[in-house]
Each structure stands twice: as C-alpha cells, then as structure tokens.
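Please read all numbers here as calculations on a predicted model, not as lab measurements.
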Amino acid sequence: MKKEELFEEVKKILTEKFEIEESKITMDANIVTDLDLDSIDIIDLIVTLNNMLKLNVSAADFKDKRTLSEILDVICSAV
C-alpha cells in the first residue's frame, strides 16, 4: 500500500472513530497538538491500523513520531 493510500485510510479512521475534522488532518499534522490525540487514542489508532492491515507494529515503534507522515512511514515500512 502506498503512503498516499494509507493516508486516506488513516484520515477515514480519524474522522469516523476520533471525530476529528477532516480539514485538520494533513501529513504534517502533529498528532498531539494539531489532532488532540492523547496516549490512549494513539494506542487505539495503532491497534486499529494493525487489525486493518494485518500488522504487528508495537506502540514503541511510534514513540518518537509526532506527525502523521512519520507514523505513515513506520506503517509503510512494516507492510
């Protein structure tokens, strides 16, 4: 799956599950300050992505990631 395709899937999850306005969701969006996700939300997002993509990426892999682009890079490398 390409990064752009994955971004569209993540955007769908963020708008539906976390009720984030679509206009706030960009590749450069900071997941904490721009999207208001807390640590529980981030783990929930990781679990959702793992289930959706049949991956086994741990929360530790995202520890120093702050933007959606960085998160998508980790997921793309695991696919």
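In terms of the side-chain hydrogen bond (donor to acceptor under 3.5 Å, both in side chains) criterion, S77 has no residue partners (sequence neighbours excluded). With sequence neighbours excluded, no residue forms a side-chain hydrogen bond (donor to acceptor under 3.5 Å, both in side chains) with N50.
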Report all side-chain donor-acceptor pairs from residues 18-29 shorter than 3.5 Å, counting only partners two or more places apart or in another chain.
| from | atom 1 | to | atom 2 | distance (Å) |
| --- | --- | --- | --- | --- |
| T26 | OG1 | D28 | N | 3.4 |
| T26 | OG1 | A29 | N | 3.1 |

Scan the side chains in residues 54-63 for donor-acceptor partners under 3.5 Å anywhere in the protein, sequence neighbours excluded, and list what turns up.
| from | atom 1 | to | atom 2 | distance (Å) |
| --- | --- | --- | --- | --- |
| S58 | OG | A60 | N | 3.4 |
| D61 | OD2 | S58 | N | 3.1 |

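Applying the side chain to side chain donor-acceptor pair (under 3.5 Å) test to every pair with at least one member in residues 34-49, sequence neighbours left out, gives these pairs: K17-D44, K17-T48.
Distance check: K11 NZ to T15 OG1 gives 8.5 Å after rounding to the nearest 0.5 Å. Atoms CG and NZ, from L72 and K65 in turn, are 12.0 Å apart once rounded to the nearest 0.5 Å.
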What do the steps show when you test K3 against D73 for side-chain contact (heavy atoms from CB on, under 4.5 Å), and what is the final call? CA-CA 7 Å; K3 189 173 181 177; D73 287 339; 2.7 Å; yes

Apply side-chain contact (heavy atoms from CB on, under 4.5 Å) to residues I71 and V10 and explain how you reach the verdict. CA-CA 10 Å; I71 288 172; V10 170; over 6 Å; no

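For the pair L49/M52, a side-chain contact is recorded, criterion being any heavy-atom separation below 4.5 Å from C-beta on. The side-chain heavy atoms of I31 and L45, taken from C-beta on, include no pair separated by under 4.5 Å.
Counting Ile, Leu, Val, Met, Phe, Trp and Tyr side chains that sit under 4.5 Å apart, directly or through other members, V47 shares a hydrophobic cluster with I43.
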